[in-house]
Amino acid sequence: MDALPPLPSPLVTQLQRARRFAALTGAGISAESGVPTFRAAQTGLWARYRPEELATPEAFDRDPALVWSWYAWRRQLVAAATPNPGHRALVDLANHRPLTLITQNVDDLHRRAGSEEVVELHGNINRCRCTATGRVVAPWDEGETAPPPSPWGGVLRPDVVWFGEALPEAALEKALQAALDCEVFLVVGTSALVYPAAALPLAALEVGAMVVEINPEATPLSDRAHFSLRGAAGELLPQVVAACVDASSQG
Ligand code: BJW
């Protein structure tokens with residue numbers, strides 16, 4: 001593998017000075033673990049189905065078996081995946097600096113990498129809840145092809161946030177606080193299209209934080225971020241974190 005070019009020196013200087021960090025991650029950080037992103041044209045989770053057929057409460061009402069089996073397939077996929085150097089770099093950063101790690105991902109790979117506190121904005125695919133009471137149910141029979149009945153009268157649904165549903169209030173509040181308090185906001189592997197998550201870096205910009213995007217592709221955030229680094233999270237995040245924690249590691 002070719003050596004990465006050094007990071008821009010103004011970025012390195014600011015990373016070394018900063019004390020309070022926040023990071024917002026999206027599906028791209030897990031791409032190198034083999035978990036497909038949502039919006040990639042050929043390989044994305046939504047290449048075959050439109051989001052509204054799978055990730056809305058209406059879709060679940062209309063065709064619960066389709067939605068349930070899609071999530072059962074994804075649970076298997078993420079269970080077989082392992083965290084990559086991008087996930088591990090954020091563990092390293094938290095060991096050296098105060099970091100609020102905010103994720104839109106439901107795959108649990110940050111926690112499996114060793115991140116102890118993860119603010120999950122869109123839930124977690126490894127939990128299910130009862131549609132009647134909202135209570136978390138575990139374990140359940142993964143072999144079912146349709147949502148199993150819950151002990152409290154409803155059926156089970158994945159404990160994730162679909163379009164049109166409110167995000168968990170405490171998680172969103174914590175994420176916004178971190179965006180407003182941090183000096184550096186890292187935005188990693190997200191298309192920055194889905195709100196309210198996409199508003200977090202904008203809030204950080206408003207209050208003067210340095211926003212650093214890591215993504216192989218441009219996003220609606222790219223022109224507004226202070227630095228938009230083009231490349232894979234598994235390569236660039238370790239380099240960025242090394243710059244934060246160890247001045248000598250930069251070429
Ligand atoms: C790499 C890489 C590598 C590739 N390294 N990078 C304001 C304006 C407009 C619309 C709205 C608004 N506010 C709300 C809305 C509506 C809606 C919304 O945002 N719609 C837009 C799409 C237009 N938002 C909602 O409905 C939200 N709810 C809400 O606002 O409720 C209000 C309410 C209040 C009170 C009561 C009731 C309601 C809910 C949003 C929920 C999103 N849910 C999903 C599914 C979760 C469950 C599941 O996993 O199945 O979350 S949708 C999907 O998108 C998933 C993701 O978390 C989310 C973001 O996707 P992400 O992570 O950015 O993935 P991709 O695929 O888009 O991008 C991957 C990126 O990685 C790409 O850029 C690649 O280039 C990059 N990449 N390899 C680094 N190696």
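If you're wondering where the values come from, they're calculated on a predicted model, not measured in any experiment. Remember, it's 1-based here, ligands and their atoms both numbered in the order they're listed.
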Heavy-atom nearest pair, Ile29 first then Asn105, reads CG2-ND2, 3.5 Å
Determine, considering heavy atoms only, which of Ala198, Ser191, Gly123 sits nearest to atom 67 (O) of ligand 1. Ser191
Using a strict 4.0 Å cut-off to heavy atoms of Glu165, name the atoms of ligand 1 that fall inside it. 27 (C), 28 (N), 29 (C), 31 (O), 38 (C), 39 (C)
Is the count of non-hydrogen atoms from other residues, nucleotides or ligands lying under 6.0 Å from Asp223 atom CG greater than 12? no
With Ser150, the side chain to side chain contact (heavy atoms under 4.5 Å, CB included) member among Thr131, Leu156, Val155: Leu156
Should one rank Asn215, Val67, Asn105, Leu172 by closest heavy-atom distance to atom 74 (C) of ligand 1, which comes out on top? Asn215
Atom 52 (S) of ligand 1: closest protein heavy atom, distance to 0.1 Å, is Trp46 CH2, 3.3 Å
Distance filter under 4.0 Å to Val160 heavy atoms, resulting ligand 1 atoms: 47 (C)
Cation-pi check for Trp68 against Arg75: NZ or CZ below 6.0 Å from the six-membered ring centre and within 45 degrees of the axis, yes or no? yes
Under 4.0 Å from a heavy atom of Val194: which atoms of ligand 1 are those, numbered in the order shown and with their elements? 19 (O), 40 (C), 42 (C), 54 (O), 58 (C), 59 (C)
Winner among Ala233, Gly164, Gly86, Pro216 once heavy atoms are compared against atom 6 (N) of ligand 1: Pro216
Is at least one protein non-hydrogen atom found at under 4.0 angstrom from atom 10 (C) of ligand 1? no
Just jot down the ligand 1 atoms closer than 4.0 angstrom to any heavy atom of Thr190, in number order. 61 (P), 63 (O), 70 (C), 73 (O)
Between Ala218, Ala55, Ala166, which one has a non-hydrogen atom sitting closest to atom 34 (C) of ligand 1? Ala166
Do we see a donor-acceptor contact under 3.5 Å between the side chains of Ser69 and Thr145? no
Does the protein put any heavy atom within less than 4.0 Å of atom 16 (C) of ligand 1? no
Ranked by distance from atom 46 (C) of ligand 1, the top protein heavy atom is Val161 O, 3.4 Å
Provide the number and element of each atom of ligand 1 under 4.0 Å from a heavy atom of Tyr71. 47 (C), 48 (C), 50 (O)
Identity and separation of the nearest protein heavy atom to atom 57 (O) of ligand 1: His122 ND1, 2.8 Å
If hydrogens are left out, which of Tyr195, Phe38, Trp70, Trp162 has an atom nearest to atom 27 (C) of ligand 1, that is, the closest non-hydrogen atom? Tyr195
Crowding at CD, Glu169 (>12 non-hydrogen neighbours, <6.0 Å): no
Could you check whether Phe60 and Trp162 have their ring centres less than 6.0 Å apart? yes
Need the ligand 1 atom indices (1-based, order shown) with element for anything under 4.0 Å from a heavy-atom of Ala31. 78 (N)
Ignoring angles and geometry beyond distance, decide whether Ala232 reaches within less than 3.5 Å of ligand 1 through its nitrogen or oxygen atoms. no
By the salt bridge (Lys or Arg N to Asp or Glu O under 4.0 Å) test, which pairs, at least two apart or in different chains, include something from residues 17-27? Arg20-Glu183
Where the closest heavy atom to atom 21 (C) of ligand 1 is concerned, which of Leu167, Leu193, Leu236, Thr219 has it? Leu193
Hey, which atoms in ligand 1 end up nearer than 4.0 Å to a heavy atom of Glu32? 3 (C), 5 (N), 80 (N)
To check your reading of the model: name the closest protein heavy atom to atom 62 (O) of ligand 1, its residue, and the distance in Å. Ala27 N, 2.8 Å
Side chains of Ser228 and Arg230: any donor to acceptor distance under 3.5 Å? yes
Contacting atoms of ligand 1, where contact means under 4.0 angstrom from a heavy atom of Val106: 49 (O)
Under the salt bridge (Lys or Arg N to Asp or Glu O under 4.0 Å) rule, what do Arg127 and Glu120 come out as? Steps first, then yes or no, please. CA-CA 12 Å; Arg127 287 192 308 261; Glu120 292 177 329; 3.7 Å; yes
With respect to atom 69 (C) of ligand 1, which of Ser33, Gly189, Ala192, Gly26 exhibits the smallest heavy-atom separation? Gly189
Is the CZ atom of Arg62 crowded by more than 12 outside heavy atoms at less than 6.0 Å? yes
Out of Arg111, Lys174, His110, which residue meets the side-chain hydrogen bond (donor to acceptor under 3.5 Å, both in side chains) rule with Glu117? Lys174
